[in-house]
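Structure first, then comments.
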Protein chains: 2
Amino acid sequence: MEKMTIKDIAKLVGVSTATVSNYLNGNLTKMSPVTQRKIAEMIRNTNYVPSSVARGLATNDNKTIGVSVADITNPFTSTVLSGIYEECGKHGYRVLFTNASSDASRETDNISKLQNQQVSGLIIDPVEGDSPIFKTITNRDAVMIDRQASQIKVDTVVTDNFESVKRFVSKMLDEEYDTLYYVSWPLKNVSTRWNRYNGFLEATGYTSGTHYLSVHNTGDTSEFVDQLTEIMEDNVGKKVGFFTMNGRVLIRLLAAMEFLGLEYPIDYGVGSYEDLDWMSIMKPGISCIHQDSYAIGTKAVEILLDKLNSKTEAEPRLIEVPTTEKIRASY
Amino acid sequence: MEKMTIKDIAKLVGVSTATVSNYLNGNLTKMSPVTQRKIAEMIRNTNYVPSSVARGLATNDNKTIGVSVADITNPFTSTVLSGIYEECGKHGYRVLFTNASSDASRETDNISKLQNQQVSGLIIDPVEGDSPIFKTITNRDAVMIDRQASQIKVDTVVTDNFESVKRFVSKMLDEEYDTLYYVSWPLKNVSTRWNRYNGFLEATGYTSGTHYLSVHNTGDTSEFVDQLTEIMEDNVGKKVGFFTMNGRVLIRLLAAMEFLGLEYPIDYGVGSYEDLDWMSIMKPGISCIHQDSYAIGTKAVEILLDKLNSKTEAEPRLIEVPTTEKIRASY
DNA sequence: CTGTTAGCGCATTCAG
DNA sequence: CTGAATGCGCTAACAG
């Protein structure tokens, strides 16, 4: 059973390759119903499948969208990817996957490679808000997700960071905390971290730069523990709470607190962005903000394919996907 | 700046396309050093990048490996994928991603699509141990990971399931448990679940079919809670322990126990397969088996590319990646 | 309604 | 050491 080509089935049916090609592309008006039927049957019998590679060469559009993610290991990201894949499948697109492992230079590399593979479109989950490579992408064939560039040059799909944190932290405030802290990876140039921080500031009224605590995602957390110690000492007798900007940061906080012999919700209160499965079985459960990662993926694809089909370049938009709250008992 | 082709740079340099092609493919002996230099320079100046699509058509090998995963949302799987991507990149292969969302028919679909996209090779993380589509894949261009087929027809890379569970459970036994239970998703035809169960049986000496508890990964867990209740009632005054076959199952168990008002390690002991970041911050920390998911990914790619390059079909092998133990205080 | 033909960008003989 | 010619599988005018 050799690999069939369009020529083979044309010969078998007794028509030209052009006719078969037309059939494959749905130009049914260009041939008689009999021919259609004969071609259809022959294709079924031979299990013929057109070569997407050849088609890609001929049409200069190989129906694949390239995805660059910052870190596939992040549970948020894998859910987004599943959304992307699902939506692409619905529209007959494949997905070419790349992962930067949180390394900006890897990302640059990945994106330029994707561009050179002549993908139809690009979906980028950026490592940081800025990168020279971003200058090379256009709003005609790309969309960004999760994190927004400092300058929005292409459509960007993010979760509702600012407002949802503002709302959530306001609720924490209702519990009469004396003081609240925002805990995050180093803010750097990452929009999600900043937007959540700003939502936090808006709710609390604190001034920027204060009530902010950063952890490094690398091994050593002694510095972080020291800062925490100081904060807790400064606030003896007061009610102090923390808002962590994602699940992994929350883990750092909890580990550090455990190390200090402190327990929530007694010694401190805590709430977090991101809703991970294990948060519900903590004792007590972690109150958090649930984001619809899957929808971010599907939405991004929808927008992208829309653009690809209507070759008109529009103004870049910022789409915010709403969140929900899971109130449990951690604060 | 139009898209350059091999013809363009051939013309610019003043040689034929064949020479440029030879240069691109490292056949440097076929041209003078001067020509090499001129071509090299021209390529640099024009930012020329050969079209992988065209090359794919011409060579009938488009340097992409297709990946079919059972569920990208599984933390295990995303780490594996990152390993796959990394190793592929090192060897100049791209990765075409597909996800079955734990649906066997989606998987069949995905794999047959990948086959029709003329990928160079296939890596499959199967939904179940058996599927008609597996008959269509050969050991020349595919490897399976994580779960093994009931009949090993292609090289398969898995974690050391049986032995590591056997060892781990033996240690639990040293703590003088009166009785131990294995908790799992329904065993079905999934090798990882069975192999871990068999390791459990080997260590405990129980007979197959006993001391086994299954949870469904769908919403309702009332049945599971009932079984648990019964077990705990049957064993009042005795020391009872549980081994969960992965992190998500552990979560179900913990949630159910919480519902019953029971606490580890007091009312029961627990250990688990899989080492997830949150397990260390549970109180007390969860003792578990740590598997090297990343290595599974890289290993799979290594084996696959090996096969692709040495077109000789060998006997399918089963490769087991070793695990390590994280002993904390949950039993 | 159907067939001819010329590419798409590159690799690969085979001559020179 | 170099180039002309041919083909990979398919699409897209353009004729008929």
Side-chain angles (χ1 to χ4, degrees), chain A residues 1-40 42-43 46-64 92 94 113 115-120, chain B residues 1-40 42-43 46-64 92 94 113 115-120:
Chain A
M1 194 139 104
E2 281 300 296
K3 175 73 181 166
M4 287 280 138
T5 77
I6 198 174
K7 208 183 288 178
D8 294 329
I9 83 109
K11 200 175 297 170
L12 286 171
V13 175
V15 296
S16 80
T17 63
T19 304
V20 179
S21 174
N22 278 324
Y23 174 85
L24 291 173
N25 293 299
N27 299 331
L28 288 326
T29 65
K30 292 191 166 186
M31 71 201 71
S32 69
V34 236
T35 314
Q36 288 178 35
R37 222 156 358 227
K38 284 203 278 187
I39 295 180
M42 188 53 69
I43 287 181
T46 58
N47 280 315
Y48 166 71
V49 179
S51 154
S52 43
V53 181
R55 191 187 301 226
L57 219 212
T59 60
N60 195 28
D61 172 12
N62 58 9
K63 297 288 184 191
T64 109
R94 355 183 170 70
K113 266 188 195 136
Q115 288 171 153
N116 291 331
Q117 332 259 330
Q118 36 259 188
V119 293
S120 318
Chain B
M1 193 142 104
E2 281 300 294
K3 175 72 180 165
M4 286 280 139
T5 76
I6 198 174
K7 209 185 287 176
D8 295 327
I9 82 111
K11 200 176 298 168
L12 285 171
V13 174
V15 298
S16 80
T17 63
T19 305
V20 179
S21 173
N22 277 323
Y23 175 84
L24 291 173
N25 294 297
N27 300 331
L28 288 327
T29 65
K30 293 191 167 185
M31 71 201 71
S32 69
V34 238
T35 315
Q36 288 178 34
R37 226 160 352 229
K38 285 204 277 187
I39 295 180
M42 188 54 69
I43 288 182
T46 58
N47 280 315
Y48 165 71
V49 180
S51 154
S52 44
V53 181
R55 188 180 296 205
L57 220 212
T59 60
N60 194 28
D61 173 11
N62 57 10
K63 297 289 185 190
T64 109
R94 354 183 171 70
K113 266 187 195 138
Q115 287 171 154
N116 291 331
Q117 331 259 333
Q118 37 258 194
V119 293
S120 317

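Residue numbering restarts at 1 for every chain, and letters A, B, ... go by the order of the sequence lines. Note: hydrogens, waters and symmetry copies are ignored here, and every other heavy atom, side chains too, is used.
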Is A/T46 reaching over with its side chain to a backbone N or O of A/M42, donor-acceptor style, under 3.5 angstrom?
yes
When rounded to whole Å, the CE to P distance for the pair A/M4 and D/dC8 reads 15 Å
Measuring from the side chain of B/A54 (C-beta onward, heavy atoms only), which nucleotide among D/dA4, C/dT2, C/dG9 has the closest atom?
C/dG9
Atom-to-atom span, CG of A/N27 to C1' of C/dG3 - whole angstrom
15 Å
Without placing hydrogens or testing angles, list every side-chain donor-acceptor pair under 3.5 Å for residues 56-63 of chain B, not counting sequence neighbours.
residue	atom	partner	partner atom	Å
B/T59	OG1	B/R55	O	2.8
B/T59	OG1	B/D61	N	3.3
B/T59	OG1	B/D61	O	3.2
B/D61	OD1	B/K63	N	3.1
B/D61	OD1	B/S120	OG	2.7

When we call it a touch if two heavy atoms are under 4.0 Å apart, what does B/V53 touch: a base, just sugar-phosphate, or nothing?
nothing
So, OP1 or OP2 of D/dT2: does either fall under 4.0 Å of a side-chain N or O from B/S16?
no
Indicate whether OP1 or OP2 belonging to C/dT2 is found under 4.0 Å from a side-chain N or O atom of A/T35.
yes
Could you state the atom-to-atom distance from CD1 of B/I9 to P of C/dG9 in whole Å?
14 Å
Phosphate oxygens OP1/OP2 of D/dT2: is one of them under 4.0 Å from a side-chain N or O of B/S32?
yes
Going by side-chain contact (heavy atoms from CB on, under 4.5 Å), name the residues that satisfy it together with B/K30, two or more places apart in sequence or in a different chain.
B/N22, B/N27
For the side chain of B/L57, counting heavy atoms from C-beta on, which of D/dC8, D/dG3, D/dA5 is nearest?
D/dC8
Position toward the 5' end of DNA chain D (nearest nucleotide), B/A58 or B/T29:
B/T29
Less than 4.0 angstrom between a side-chain N/O of B/R55 and OP1 or OP2 of C/dG9, yes or no?
no
Length of the OH-C1' vector between A/Y23 and C/dT2, whole Å:
17 Å
Phosphate oxygens OP1/OP2 of C/dA11: is one of them under 4.0 Å from a side-chain N or O of B/N25?
yes
How many Å lie between OH on B/Y48 and C1' on C/dG9, as a whole number?
7 Å
Minimum heavy-atom separation for A/Y48 to A/T5, with atom names?
CE1-C, 3.6 Å
Nearest to the A/S21 side chain among C/dT2, D/dG3, D/dT11, which nucleotide is it?
D/dT11
Could you give the NZ-to-C1' distance, from A/K7 to D/dG7, as a whole number of Å?
8 Å
Please answer whether the main-chain N or O of A/S21 pairs with a side-chain N or O of A/N25 as donor and acceptor at a distance below 3.5 Å.
yes
Atom-pair distance (NZ on A/K11; P on C/dT2), nearest Å
20 Å
Between B/T19 and D/dG3, is there a contact of a side-chain N or O with OP1 or OP2 at under 4.0 Å?
yes
Taking atom P of D/dC10 as reference, at what distance in whole Å does atom CG of A/D61 sit?
16 Å
